[in-house]
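A short worksheet on the structure shown next.
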Amino acid sequence: MLRLTNTLSGTQETFEPMDGTTVRMYTCGPTVYNYVHIGNLRTYIYEDVLRRHLLSKGWKLVHVMNITDIDDKIIKKSIELGVDLRSFTAPYTAAFFEDCATLRIQRPDIITPATEHVPEMIEIVKKLLEEGYAYQESDSIYFRISRFPTYGRLSRLDKRELKIGARIDADEYEKEEPQDFVLWKAPKSENEPRWEAPFGAGRPGWHLECSAMAMKYLGPTLDIHCGAVDNIFPHHDNEIAQSEAATHKPFVRFWLHGEHLLVEGEKMAKSKGNFFTLKDLLERGYDPLAIRYLLISIPYRKQLNFTFDSLAAAAAALDRIKEFFFRLRTARLSAGANPALAGMIAGAREQFEAGLDDDLNTAEALAAIFKLIRESNIALADGLMQEDNRAAILQWFEVVNERLAIVPPTEHLVQDDAEIESLIARRNEARRNRDFAMSDQIRRELLDRGIVIEDTREGTRWRRN
RNA sequence: GGCGCCGUACCCAAGUGGUAAGGGAGAGGUCUGCAAAACCUUUAUGCAUCGGUUCGAAUCCGAUCGGCGCCUCCA
């Protein structure tokens, strides 16, 4: 039974798809005016874990993600560079999916660029204008907050008081009330991109695109809508207002919000010099899998303090998994199954699933993995493990990898290689002859080629580093 | 000022009423020609502080201290 924390209620609720079979999920995608940073990626990774977990339940999933390829920053930068919108955004969009692939983030089923869905957005604006939820002012269209009494429900706006002097109006447009937000922006200059609409040429506001695209592909009511905490207000509150005003139906059943990532205890900011893209980290030689591991190891609703120490710890934890596989695969086992170990595997599986069912408690799921590794290592040392146990463990780790995608590739560790085998044979002959100078020299040669050897009671094992 | 999150060992961190998971690091041990690696063991009478409720509290309540985020670009 999957429990998820719903921002709408502030508590955990049991999740089931509305129709019992298909989960309709929308996740806020990137604004492609720059490369995404590791904070963005943390959000996409928790959504990926959610996605994989939902699929494991046997539900069908329709997962939609938007690409915001039209907004103020994009327009400003593309005009500065003298290129058209698409030429400007396409490389960032491509880089985004490349980063996702590097971090083993699965692609959503439907990817929706805002610029390809303007007609759907215009339809919503028309409807809102007709019903008095929107009004025109200086050629732009605004949503009229006063017509939507429950406005701000998600962020509990009714309980808020604005700090005196806080910025109330960041927009340069005219509005009836400061909190009204823009649905459709009139162009401010000649060279701004625009779309024709019955209420005047312009371009969509940011909030509008998500409502239009989500409802186009998922219907008026979504099961799940994800984002990070900074989206709660105003973005998601505005989505609720404009969507529900347009359809008179509940927009989203479960709102999920991931916490932010900090770097060395501080908010990530370019001005602080602690701003990292995935590429920055890869250039420093860090393993993408270690990055994924680190971002997964802290549950999504908790702030994650990213440090290079913690990244090194993540890499070490992955090495432990890798070592375990190496040991398990190369162990000589007798046929049959030890029932005690079968119970141990079942226990790990149960803890793993219960952890993820508990609002995606990835820390708990990882603990289940390492507990099984320790117990298996002891069983191997005591000679208690048998073939069928090994098969069951390997099989379960395939499931684990489908779900968390943090299992390092290990097949290459134990590939046959006649040349290396013969070097090892020569070294062992030298050892038998107590010619340790020779034996150490061969070991050094192998090490230079990235081959690590381990002498055990069962003989010498080797693997690629 | 308002809203929200958080404070658990050297570091990260799970645990929301029944006696402190897991990872990293350190230390000890096993194995070994040696080393390395690996593996095992070990590291919190105590969970920011104080008070309360309870047979029982890291968990609930109150207060205090400290950290972080948001309050109309934000993952």
Side-chain angles (χ1 to χ4, degrees), chain A residues 7 10 12 27-31 33 36-47 71-73 152 155-171 178-182 206-207 226-235 237-238 257-262 265-269 293-294 297-299 301-305 307 309-321 323-324 326-327 351 355 358 361-371 373-374 377-378 380-382 430-432 434-436 439-440 443 447 452-457 461 463 465:
Chain A
T7 309
Q12 271 193 22
T27 56
C28 279
T31 301
Y33 68 98
V36 296
H37 54 68
I38 53 172
N40 300 111
L41 289 166
R42 185 206 187 182
T43 300
Y44 302 124
I45 283 187
Y46 102 72
E47 291 162 354
D71 92 320
D72 287 345
K73 272 179 273 196
S155 61
R156 295 164 176 78
L157 197 66
D158 54 319
K159 286 165 69 183
R160 292 177 179 227
E161 286 176 30
L162 272 187
K163 184 181 180 178
I164 294 163
R167 199 167 45 150
I168 291 205
D169 187 3
D171 242 307
Q179 290 201 346
D180 289 351
F181 59 91
V182 69
W206 174 44
H207 313 300
C226 299
V229 285
D230 54 280
N231 285 144
I232 297 172
F233 189 83
H235 186 48
D237 263 322
N238 290 354
H257 293 97
E259 254 298 347
H260 277 170
L261 173 151
L262 308 175
E266 291 191 303
K267 187 178 176 173
M268 188 163 49
Y293 181 94
L294 175 58
S297 64
I298 283 108
R301 295 205 322 116
K302 185 164 180 168
Q303 283 178 348
L304 187 163
N305 186 12
T307 65
D309 282 350
S310 57
L311 191 49
L318 284 180
D319 276 343
R320 181 167 166 80
I321 297 176
E323 264 318 317
F324 170 66
F326 176 47
R327 197 170 181 212
Q351 186 188 354
D358 180 18
N361 189 338
T362 42
E364 184 73 13
L366 290 175
I369 294 171
F370 285 105
K371 192 168 173 226
I373 288 178
R374 169 153 1 63
N377 274 325
I378 294 171
L380 282 167
D382 294 346
R431 288 172 74 211
R432 268 194 300 279
R434 306 196 69 77
D435 182 358
F436 298 123
S439 130
D440 288 350
R443 179 165 58 192
L447 201 58
V452 176
I453 57 178
E454 292 176 16
D455 298 322
T456 74
R457 243 170 304 185
R461 308 182 301 177
R463 62 185 168 86
N465 207 356

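The chains referred to below are lettered A, B, ... by the order of the sequence lines, with proteins before strands, and numbering in each begins at 1.
For A/Thr43 against A/Ala228, the heavy-atom pair with the smallest separation is OG1-CB, 3.7 Å. Closest non-hydrogen pair, A/Ser297 versus A/Ala363, comes out as O-CB, 3.6 Å. Nearest heavy-atom pair across A/Gln351 and A/Lys371 is OE1-CD, 4.0 Å. Of all non-hydrogen atoms in A/Pro234 and A/His207, the two that sit nearest each other are CG-CE1, 4.2 Å.
Of the candidates B/A35, B/A14, B/A75, the closest approach to any side-chain atom of A/Arg443 belongs to B/A35. The side chain of A/Glu323 approaches B/A37 more closely than any other nucleotide in the set B/A37, B/G69, B/G24. With distances taken from any side-chain atom of A/Gln351 to the nucleotides B/G69, B/A21, B/G33, the minimum falls on B/A21. Closest approach to the A/Arg320 side chain among B/A25, B/C39, B/G15 is made by B/C39 (side chain taken as heavy atoms from C-beta onward). Taking only side-chain atoms of A/Glu454, from C-beta outward, the nucleotide of B/A38, B/A25, B/G23 with the closest atom is B/A38. Listed nucleotides: B/A75, B/G23, B/A35. Nearest to the side chain of A/Tyr293: B/G23. Listed nucleotides: B/G33, B/A14, B/G23. Nearest to the side chain of A/Asn361: B/A14.
Following rounding to the nearest Å, A/Glu266 (CD) and B/C6 (P) show an atom-to-atom distance of 22 Å. Put simply, CG on A/Asn377 is 11 Å from P on B/G23, counting in whole angstrom units. The distance from atom CZ of A/Phe436 to atom C1' of B/A36 is 15 Å, rounded to the nearest whole Å. For the pair A/Met268 CE and B/C68 P, the interatomic distance rounds to 17 Å; values are reported in whole Å. Atom CZ in A/Phe326 sits roughly 18 Å away from atom P in B/A36 (whole-Å rounding). At whole-Å resolution of the value, CG in A/Asp382 and P in B/C39 are 15 Å apart. In this structure, CD of A/Glu364 is placed 13 Å from P of B/G23, rounded to the nearest angstrom. As a whole-Å value, the separation of A/Ile232 CD1 from B/C5 P is 10 Å.
Distance noted for atom C1' between B/C50 and B/C12: 28 Å (whole Å). Using atom P as the reference point in both B/U49 and B/C65, the two lie 15 Å apart (nearest Å). The separation of B/C11 from B/A44, taken at their C1' atoms, amounts to 14 Å, rounded to a whole angstrom. Nucleotides B/C3 and B/G22 have their C1' atoms positioned 34 Å apart, rounded to a whole Å. Comparing the same atom, P, in B/A48 and in B/G7 gives a spacing of 7 Å after rounding to whole Å. Look at the C1' atom in both B/U43 and B/A57: the space between them is 25 Å, to the nearest Å. Taking atom C1' in both B/A9 and B/G18, the straight-line distance is 23 Å, to the nearest Å. Nucleotides B/A75 and B/C70 are separated by 14 Å at their C1' atoms, to the nearest Å.
Nucleotide B/A48 is matched to B/U64 when pairs are restricted to Watson-Crick or G-U wobble geometry with both distances under 3.5 angstrom. Pair assignment for B/C70: B/G2, on the basis of Watson-Crick or G-U wobble contacts that are both within less than 3.5 Å. The partner of B/C39, taking Watson-Crick or G-U wobble pairs whose two distances both stay under 3.5 Å, is B/G29. Base-pair partner of B/C34: not found among the strands shown (Watson-Crick or G-U wobble, both distances under 3.5 Å). Pairing for B/A57 is absent, judged as Watson-Crick or G-U wobble with the two contacts each under 3.5 Å.
Side chains of A/Asn231 and A/His257: a donor-acceptor N/O pair is absent below 3.5 angstrom, by distance only. With 3.5 Å as the limit, one finds a donor-acceptor pair spanning the side chains of A/Ser155 and A/Asp237.
Within 4.0 Å of A/Ile378, counting heavy atoms only, lie sugar-phosphate atoms of the nucleic acid but no base atom. Counting any heavy atom pair closer than 4.0 Å across all strands shown, A/Leu262 reaches sugar-phosphate atoms only and no base atom. A/His235 comes within contact range of no nucleotide atom at all, as no heavy-atom separation falls under 4.0 Å. Within 4.0 Å (heavy atoms only), A/Ala367 reaches at least one base atom of the nucleic acid. Across all strands, A/Gly258 comes closer than 4.0 Å to no nucleic acid atom at all (heavy-atom distances). In this structure, A/Phe370 reaches the sugar-phosphate backbone alone: every heavy-atom distance under 4.0 Å involves primed, P, OP1 or OP2 atoms, never a base.
Both A/Gly39 and A/Leu366 sit near RNA chain B, but only A/Leu366 has its closest nucleotide nearer the 5' end.
For B/G23, neither phosphate oxygen OP1 nor OP2 lies less than 4.0 angstrom from any side-chain nitrogen or oxygen of A/Lys371. Using a 4.0 Å cut-off, some side-chain N or O of A/Arg374 falls inside it from OP1 or OP2 of B/G22.
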In B/S/- notation, 5' to 3', how is nucleotides 7-13 of chain B contacted by protein heavy atoms closer than 4.0 Å?
-> -----SS
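A donor-acceptor pair under 3.5 Å links the side-chain atoms of A/Asn40 to the main chain of A/His37, judged by distance alone. A donor-acceptor contact shorter than 3.5 Å links the side chain of A/Tyr46 to the backbone of A/Gly227.
With contacts defined as side-chain heavy-atom distances shorter than 4.5 Å, the pair A/Gln303/A/Lys267 does not qualify. Side chains of A/Ile378 and A/Arg374 form a contact here, defined as non-hydrogen atoms less than 4.5 Å apart.
Between A/Arg42 atom CZ and A/Met268 atom CE the span is 11.0 Å, to the nearest 0.5 Å.
Put simply, the side chain of A/Asp319 and the base of B/G23 share no donor and acceptor less than 3.5 Å apart.
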